[in-house]
*Asks:* 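Input: one structure, supplied below.
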Amino acid sequence: MKIRFDKRLNPSRSIQYLIPPISILVALGVGGLIMKLTGIEPLTAYKAMLVGALGSSYSISETLVKTTPLILASLAICVAFRMRFWNIGVEGQIVVGGFFAGAVALYLPVLWESIPGPLLLFAMFIAGFLGGALWGFIPAALRAYIGVNEILTTLLMNYVAIMLVQYVYVGPWRDPHGWGFPGTPQFVEKAYLPHFPGMRVHLGLIIGLVAAVIIWFILSRTKWGYQIRIIGENIKAAKYGGINVIGSTILVMVISGGLAGIAGMSEVSGIMHRLMDGLSAGNGYSAIIVAYIARLNPFASILVSFLLAVLLVGGDQLQITMGLPASFASVLEGVILFLFLMGIIFENYSLRIERSKNHSGLLASQSDSQPK
């Protein structure tokens with residue numbers, strides 16, 4: 001017996017739309033089975049998750065706070081993955097962007113005490129973008145000029161970024177009045193991103209929504225966006241067609257890293273108000289799941305980011321009310337991605353089971369040998 005996967009000439013459009021919701025529903029079923037095995041009623045647990053993420057204005061606020069960096073980070077993934085540049089380094093780019101923005105927040109008001117708040121925030125925004133862009137430029141240049149695999153470089157640079165920034169806020173930039181806790185001094189108040197009234201939701205959410213529109217327009221309505229897709233689908237054809245592959249590769253990663261850097265800036269300016277532990281919170285890795293489920297669509301990334309934020313914030317509620325570890329939400333993340341990838345396989349390939357020729361011949365000879 002032989003199992004074959006045959007490429008579908010025309011993948012079903014309806015299957016493409018059904019795979020994400022089916023993956024989520026099956027993952028919830030798997031999660032419910034795990035809960036049942038541990039003696040917890042699944043429906044009660046899922047209700048607690050929904051209440052924890054959407055049950056009050058405070059819960060909704062916390063969910064939107066979690067959504068904000070996921071939107072920006074998933075947009076960074078969408079830009080790079082459209083060109084088949086496997087940027088696994090968004091986590092590090094977020095950290096470096098937050099570091100650059102934090103440096104501006106700490107030292108620019110010292111040099112210019114009367115700097116207006118909007119100008120300071122704009123300088124932090126530019127610094128965050130440049131920090132992430134720099135961390136994205138390095139693996140892009142290594143791939144473009146000497147062919148180094150970007151998966152290795154972007155992944156390993158995450159750890160370099162995290163350790164480098166950790167050294168700074170634990171060592172030379174540590175708050176001398178912080179009672180021994182690692183972290184820089186708190187930013188001046190005019191370095192805070194504006195918040196919605198009565199909520200922790202900040203201007204970073206609006207920045208993410210605007211960025212989604214801009215990225216959608218670039219990828220879908222510009223010549224360069226078309227060239228990015230061509231490079232991703234067939235780099236030899238792109239070179240033959242006169243597309244500047246090296247320049248496009250570097251520019252794509254500058255934009256991708258810059259978007260991740262803005263996510264870092266929004267976290268330090270909108271939530272943390274200093275450099276400290278928590279800047280590396282796994283948003284760069286979760287954004288890969290968001291981008292894949294959204295099929296690299298910037299608008300779909302907004303919705304999926306919100307749904308994943310519901311899952312993560314609800315997971316914290318499970319820990320508080322039912323004693324389940326908060327990492328249970330991460331388990332559901334992984335199951336959703338696994339099932340989604342399985343769905344993509346069946347979307348693009350049809351499964352066929354063939355009997356081997358030897359087995360068929362043996363059955364035929366046995367049939368001939370039977371007395372008539």
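What you are looking at is a predicted structure, and each value in this text was computed from that prediction instead of being measured.
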*Asks:* Taking atom NZ as the centre, does Lys190 end up with more than 12 heavy-atom neighbours from other residues, nucleotides or ligands that are less than 6.0 angstrom away?
*Replies:* yes

*Asks:* Quick one, Lys223 and Tyr226 - any side-chain contact, counting heavy atoms below 4.5 Å?
*Replies:* no

*Asks:* Within this structure, what is the CD1-NZ distance for the pair Ile71 and Lys66, rounded to the nearest 0.5 Å?
*Replies:* 13.0 Å

*Asks:* So, are Glu41 and Lys36 salt-bridged, with charged N and O less than 4.0 Å apart?
*Replies:* yes

*Asks:* Is there a path of hydrophobic side-chain contacts, each under 4.5 Å between heavy atoms of I, L, V, M, F, W or Y residues, that connects Phe122 with Leu130?
*Replies:* yes

*Asks:* CZ of Phe299 to CD1 of Ile215: how many Å apart, nearest 0.5 Å?
*Replies:* 11.0 Å

*Asks:* Quick one: does Thr68's side chain have a donor or acceptor within less than 3.5 Å of a partner on Gly204's backbone?
*Replies:* no

*Asks:* Indicate the ring-plane relationship of Phe99 and Trp173, choosing parallel, tilted or perpendicular according to the 30° and 60° boundaries.
*Replies:* parallel

*Asks:* What's the spacing between Leu312 CG and Gln317 CD if we round to 0.5 Å?
*Replies:* 14.0 Å

*Asks:* Which word best sums up how the rings of Tyr192 and His273 line up, parallel for under 30°, tilted for 30 to 60°, or perpendicular for over 60°?
*Replies:* parallel

*Asks:* Counting the benzene-type ring for Trp, do Tyr107 and Trp112 have ring centres under 6.0 Å apart?
*Replies:* no

*Asks:* Could you tell me whether the side chain of Pro139 reaches within less than 4.5 Å of the side chain of Met157, counting heavy atoms only?
*Replies:* yes

*Asks:* When you look at CZ of Phe196, are more than 12 heavy atoms from neighbouring residues, nucleotides or ligands closer to it than 6.0 Å?
*Replies:* yes

*Asks:* Side-chain donor-acceptor pair under 3.5 Å between Ser286 and Glu333, yes or no?
*Replies:* yes

*Asks:* Measure the spacing between OG1 of Thr249 and OH of Tyr145 and express it to the nearest 0.5 Å.
*Replies:* 9.5 Å

*Asks:* Between the side chains of Thr184 and Asp175, does any donor sit under 3.5 Å from an acceptor?
*Replies:* no

*Asks:* Taking atom OH of Tyr46 as the centre, does the number of heavy atoms from other residues, nucleotides or ligands within less than 6.0 Å exceed 12?
*Replies:* yes

*Asks:* Tell me whether Arg221 contacts the main-chain N or O of Trp216 through its side chain, where contact means a donor paired with an acceptor under 3.5 Å.
*Replies:* no

*Asks:* If we count only N and O atoms by modelled type, under 3.5 Å, do the side chains of Asn234 and Tyr240 hold a donor and an acceptor together?
*Replies:* no

*Asks:* Any chance you could measure Thr63, atom OG1, to Leu308, atom CG, to the nearest 0.5 Å?
*Replies:* 11.0 Å

*Asks:* Indicate, with yes or no, if Met199 and Leu205 share a hydrophobic cluster defined by side-chain heavy-atom contacts under 4.5 Å among Ile, Leu, Val, Met, Phe, Trp and Tyr.
*Replies:* yes

*Asks:* Can you tell me how far CZ of Phe181 sits from CG of Asp277, rounded to the nearest 0.5 angstrom?
*Replies:* 11.0 Å

